[in-house]
Amino acid sequence: MNYASVLVDVSVRQTDRAFDYAIPNRWEDAVQPGMRVIVPFGPRKVQGIVLAVKDHTSVSKVKEIGEVLDVIPVLTEELLLLGTYLSEETLCFLITAYQAMLPTAIKAVYKKFVRLHSKESIDYLPEELQAIFTHLERREWSELEELVSKITTVQRAIKEGLLEVDYEVKNKANKKVERVATLLEVFDHEANSISSPQQRDIIEFLRLNGQTSIKELKERLGITESPIKTLQKNKVINVHSIEVYRDPYVNKQINRTSPLPLVDEQKNAYEKIATSISNNEHKVHLLHGVTGSGKTEVYLQTIQNVLNLNKEAIVLVPEIALTPQIVERFKGRFGNDVAVLHSGLSIGEKYDEWRKIQRKEVKVVVGARSAIFAPFENLGLIIIDEEHETTYKQDEHPRYHARDVAIWRGNYHSCSVVLGSATPTLESYARAQKGVYELETMEKRVNQDALPTVEVVDMREELHRGNRSMFSTALHEKIEDRLQKKEQIILFLNRRGYSSFVMCRDCGFVIQCPHCEVSLTYHKNTHRLKCHYCGYEEHMPKVCPSCQSDYIRFFGTGTQKVEEAIYQQFPEARVIRMDNDTTSRKGSHEKMLKQFGNGEADILLGTQMIAKGLDFPKVTLVGVLAADSSLHLPDFRASERTFSLLTQVSGRAGRHDLPGEVVVQTYTPEHYSIELAKDQNYLDFYEQEMKIRRNFHYPPYYYLVLISISHQDLMKVVKVSEQIAIYLREHLSNKSIILGPVSSPIPKIKDKFRYQCVIKYKYEPALHAVLTKIQQFYQEETDKGQLQITIDFQPTMFM
DNA sequence: AGCACGCCGACT
DNA sequence: GTCGGCGTGCTC
């Protein structure tokens with residue numbers, strides 16, 4: 001095995017294939033598929049992944065591998081295979097698929113350096129460069145670009161051989177190391193022969209506690225590094241570096257829990273899954289359980305079952321639901337067998353959690369979408385909680401859905417996949433009804449709690465009665481009641497499409513982003529207008545830019561505005577507001593929830609992020625301020641989202657001994673997704689929505705592909721979009737439906753016009769080939785960066 | 001993606 | 001005659 005096929009870390013079509021390299025003798029047996037290597041690639045060095053090793057090559061001029069970065073492959077055989085599946089299914093480059101599986105920490109960072117060829121060459125350099133290279137013989141390229149008036153002088157010096165270029169490939173983050181001291185055995189009993197009291201303390205401490213970090217020694221004994229150095233010099237102790245994990249949960253006391261008794265429905269579901277597990281079957285179980293039906297306990301016991309068989313489990317939880325509460329439930333049951341992966345961790349912390357998985361030090365992973373790639377090799381179970389959540393679909397390349405990956409891996413390992421939700425996607429429920437998935441239903445709440453009563457308030461009537469505030473009379477009264485009883489309240493504002501835009505009351509002019517054609521959002525604290533798509537900002541104008549009227553005001557409701565209204569109408573209430581503004585700092589999310597849980601506030605006000613997984617015993621009232629704000633999005637899933645959101649939010653109330661109440665404010669109370677969410681009537685909603693989906697040829701009756709085309713020139717976009725639509729109509733079967741081209745719901749982002757085509761199909765074997773053709777046809781133009789064509793299979797967003 | 005090579009117009 | 005602009009094509 002003298003050669004390796006290497007996939008280089010350059011994500012463009014032309015390098016989307018393996019390149020052969022010779023393996024130097026010293027690494028002949030060390031290089032294995034799935035390892036990272038550094039290879040010379042053209043004039044530079046790049047990171048690559050070994051796809052295969054072989055004893056021959058058809059390439060005549062092979063170069064040698066420069067460096068082997070791993071001892072254990074970072075990608076298992078399974079993940080290497082999964083990558084090819086992903087790249088074929090989502091039409092992405094193979095390297096992009098692999099990158100999605102690896103922690104950011106081991107992503108390569110490239111640096112280019114210029115250094116003096118030899119000491120003498122400095123005399124021949126132009127004066128400007130002499131000054132630069134006198135003090136430092138090696139400079140980073142980017143640094144030089146700023147120091148030098150013209151970069152060509154550097155390039156010339158390189159050509160003349162006075163300067164040389166070299167490249168560095170590094171990781172984004174490294175293993176964290178710590179220096180530790182150990183007592184050398186010979187001196188274990190000779191402590192008395194040492195006169196220095198500090199040194200004797202150190203020896204005594206090490207004898208009692210064994211290997212200790214230098215940092216801890218200094219803290220505990222109140223000493224400096226000097227006596228440690230002396231002991232080291234005298235060969236009494238040994239100091240060396242060991243790898244340590246950055247453990248974000250290290251200082252947290254988590255109490256261990258034991259399995260809770262299961263009620264009938266839970267037991268039923270548990271046993272059905274257990275049967276699949278003991279039979280080593282690859283089955284997909286759809287666990288349809290109302291909020292509060294105890295799905296998590298079923299997960300926990302099922303995982304225990306899998307651990308008893310010495311296998312591993314992956315649990316996916318949506319990012320916003322990955323709260324400390326949830327993490328603690330898993331850590332409480334499985335202790336140090338759990339690794340947690342979510343976006344709140346630093347790059348280094350994520351890497352450490354990932355290493356625990358790779359080194360088989362944990363058996364359970366709880367994490368967001370990308371945790372589906374956890375490098376377990378003996379998988380026994382994959383759970384996807386809140387299966388309906390759209391965050392499981394990645395909205396950049398590779399555009400995969402974690403559910404599809406889960407099913408692929410489940411099939412590979414011949415293990416079960418559990419999809420859990422109170423409001424499953426229609427796709428999943430339809431599959432369960434067809435018998436493709438196994439359906440387990442849990443209709444009752446665990447502790448026999450009734451579902452909260454839901455009152456739907458018609459805001460149009462409120463307006464007719466002269467109530468112009470954002471709280472209906474009913475909600476206002478109930479808030480006062482809870483405040484008085486010292487019970488807690490959650491107010492939920494579905495913010496998207498409901499942000500505060502600025503409009504002129506005289507002429508109706510709405511201020512929009514000059515680059516994106518969306519309304520700008522007013523931010524009160526900075527008194528500025530901001531675009532939520534590209535970040536463009538401007539000052540709030542004093543007069544209308546269109547008619548110069550000074551009756552220009554902001555409209556709509558943001559959480560800030562609601563907060564103010566609360567302070568006005570309920571001055572005594574203590575409010576915690578959670579939205580992107582207040583939770584952007586690391587750990588603040590957690591802190592706020594903790595405060596609320598401790599009863600330090602009466603009202604928790606927030607956006608989507610408070611809808612999930614939270615469980616506060618003292619919350620007895622949940623208010624949904626504008627239920628229909630998500631109903632009018634240009635998206636065929638708007639009803640499903642609204643139903644699901646309302647159901648989730650309602651589930652937050654009265655999960656314990658106090659009865660819960662929900663008030664839903666809406667301008668369209670007659671809409672079926674609001675009416676049916678009131679009774680948490682999923683089945684009727686499913687039937688009703690399925691009819692619509694069938695009539696309009698939407699999923700689950702049809703599959704979808706969204707093709708988005710964007711370019712700065714409107715004419716170009718229109719022309720390309722039309723060409724694509726024509727090509728599709730010519731080359732796909734006439735049973736498929738091609739929509740468009742039409743302008744996207746957001747017609748312009750960052751000065752680029754956006755058009756889209758949608759393909760609806762049931763069976764289209766040539767689809768991937770046809771789409772690849774389209775990609776290749778426009779490749780030249782897309783490579784140059786002006787034209788952009790993205791292809792999204794089973795899209796979740798139509799923006 | 002980077003980088004070299006190469007072919008044209010604009011200057012010393 | 002050379003410098004430097006960018007289009008073209010390759011990287012084991």
Side-chain angles (χ1 to χ4, degrees), chain A residues 1-25 27-28 31-33 35-69 87 92-100 102 104 107-115 126 128-129 139-145 148-172 396-398 775-790:
Chain A
M1 299 297 172
N2 309 314
Y3 300 99
S5 289
V6 175
L7 183 67
V8 290
D9 174 31
V10 181
S11 38
V12 289
R13 172 121 287 140
Q14 287 156 315
T15 55
D16 187 32
R17 62 186 178 92
F19 288 81
D20 284 356
Y21 286 88
I23 303 173
N25 288 338
W27 290 323
E28 207 181 312
V31 177
Q32 290 166 29
M35 283 182 177
R36 292 169 307 141
V37 288
I38 293 174
V39 290
F41 196 61
R44 57 207 172 112
K45 283 193 273 181
V46 296
Q47 199 179 89
I49 287 168
V50 177
L51 296 183
V53 289
K54 49 192 186 178
D55 53 16
H56 65 280
T57 178
S58 51
V59 180
S60 48
K61 34 169 191 164
V62 283
K63 291 182 182 175
E64 284 194 344
I65 286 175
E67 227 174 298
V68 181
L69 296 175
S87 73
C92 72
F93 306 126
L94 191 53
I95 191 69
T96 313
Y98 291 137
Q99 265 159 0
L102 296 171
T104 357
K107 248 186 85 179
V109 182
Y110 299 100
K111 278 186 179 166
K112 183 181 178 182
F113 290 91
V114 178
R115 61 182 159 73
E128 189 185 18
L129 293 180
R139 296 276 191 171
E140 205 182 322
W141 184 269
S142 56
E143 190 188 9
L144 276 177
E145 280 180 321
V148 170
S149 56
K150 260 190 166 180
I151 199 71
T152 48
T153 54
V154 179
Q155 286 169 328
R156 193 172 314 123
I158 293 165
K159 251 187 196 146
E160 288 164 2
L162 299 169
L163 295 178
E164 268 185 4
V165 179
D166 67 303
Y167 297 87
E168 233 178 60
V169 184
K170 278 190 153 178
N171 285 338
K172 276 207 152 157
E396 57 193 52
H397 286 121
Q775 271 189 341
Q776 283 168 357
F777 185 80
Y778 293 102
Q779 191 191 317
E780 257 182 50
E781 285 177 274
T782 49
D783 278 356
K784 280 175 200 149
Q786 293 273 11
L787 180 68
Q788 207 186 339
I789 297 176
T790 54

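Small disclaimer: the values here were computed from a predicted structure and weren't measured. Note on naming: letters A, B, ... go to the chains in the order of the sequence lines (proteins, then strands), and numbering restarts at 1 for each one.
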Please set out all donor-acceptor pairs under 3.5 angstrom arising from side-chain atoms of residues 55-66 of chain A, sequence neighbours excluded.
from	atom 1	to	atom 2	distance (Å)
A/Thr57	OG1	A/Asp20	OD2	2.6
A/Thr57	OG1	A/Val59	N	3.1
A/Lys63	NZ	A/Gly42	O	3.2

Is there side-chain contact between [X] and [Y], with heavy atoms separated by less than 4.5 Å?
X        : Y        : result
A/Ile95  : A/Val10  : no
A/Ile151 : A/Trp141 : yes
A/Val154 : A/Leu129 : yes

side-chain hydrogen bond (donor to acceptor under 3.5 Å, both in side chains) against A/Gln99, all qualifying residues, sequence neighbours excluded: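 With neighbours one apart ignored, the set is A/Asp9.
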Residue list, side-chain hydrogen bond (donor to acceptor under 3.5 Å, both in side chains) with A/Glu781, at least two apart or on another chain: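 Scan of A/Glu781 (side-chain hydrogen bond (donor to acceptor under 3.5 Å, both in side chains), adjacent residues dropped) gives A/Lys716.
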Under 3.5 Å, which N/O atoms of the protein pair with N/O atoms of nucleotides 5-12 of chain B?
none

Side-chain N,O (A/Tyr167) to OP1/OP2 (B/dC3) below 4.0 Å: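 Affirmative; the distance criterion is met.
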Separation of atom CD in A/Glu160 from atom C1' in C/dT2, rounded to whole Å: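 Value for this atom pair: 14 Å.
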Under the salt bridge (Lys or Arg N to Asp or Glu O under 4.0 Å) test, residues paired with A/Asp16 that sit two or more places apart: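 Residues passing salt bridge (Lys or Arg N to Asp or Glu O under 4.0 Å) with A/Asp16: none at all.
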From A/Lys150 atom NZ to A/Arg156 atom CZ, the distance as rounded to the nearest 0.5 Å: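 Rounded to the nearest 0.5 Å, the NZ-CZ separation comes out at 8.5 Å.
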Protein proximity profile, nucleotides 4-12 of chain C - base contact B, sugar-phosphate-only contact S, no contact -, cut-off 4.0 Å on heavy atoms: S-----BBB
